[in-house]
Amino acid sequence: MTTAAPIRRRRPRFGPALAVIACACIAPSAFAGLGESGLRSSLAEAAGPSGQPGDENGESERPEPNVAPAEAGRRASREYGGRVLNVVLEDGPGGPYYRVKLLDGGRVRVVHVEARH
């Protein structure tokens, strides 16, 4: 005669859930005393109103793009093929450019298109 193995009950694991609850309760009270100015860094204050360092009057030294996002998408699709999923204006060291996501044959390809001609 064989005896059946006893059934083991697993203890519920509350560790991860308790950690999330503790963070949710502690985090707001940790920042409550800082106020609005406590969250600003000296770098952000030096940046000026536009957010760019050394820009006191709000004008940027970077050239503005003169190519529309739709035109950047058309150029990328014509050159690389595929359907345009997304076009985002980025600011690179060489000036502004568009990051274009293309869908071609089930694969997503990301290409960069100059934002100035």
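Quick note: numbers below take in every heavy atom, side chains included, and nothing from hydrogens, waters or symmetry partners. Every value quoted in this text rests on a predicted model; they were computed, and no experiment measured them.
- When the options Leu102, Asn86, Leu85 are evaluated for a side chain to side chain contact (heavy atoms under 4.5 Å, CB included) with Val108, the one that passes is Leu85.
- Looking at heavy atoms from C-beta onward, Arg116 lies in side-chain contact with Pro96 at the 4.5 angstrom threshold.
- Both Val100 and Leu89 are part of a single hydrophobic cluster, where members link through side-chain heavy atoms under 4.5 Å apart.
- Salt-bridge annotation for Arg75 and Glu71: present, with a side-chain N of the basic residue lying under 4.0 Å from a carboxylate O of the acidic one.
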Review point. How far apart are the C-alpha atoms of Val113 and Val67, what are their side-chain angles, what is the distance that settles it, and do they pass the side chain to side chain contact (heavy atoms under 4.5 Å, CB included) test?
Key: CA-CA 9 Å; Val113 177; Val67 175; 5.5 Å; no

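- Across all their heavy atoms, Ala76 and Val111 have their closest contact at CB-CG2, 3.6 Å.
- Without hydrogens or angle criteria, Ser77 side chain to Gly82 main chain gives a donor-acceptor distance under 3.5 Å.
- For residues 83-103, the pairs satisfying ring-ring contact (aromatic ring centres under 6.0 Å, His included) are Tyr97-His112, with sequence neighbours left out.
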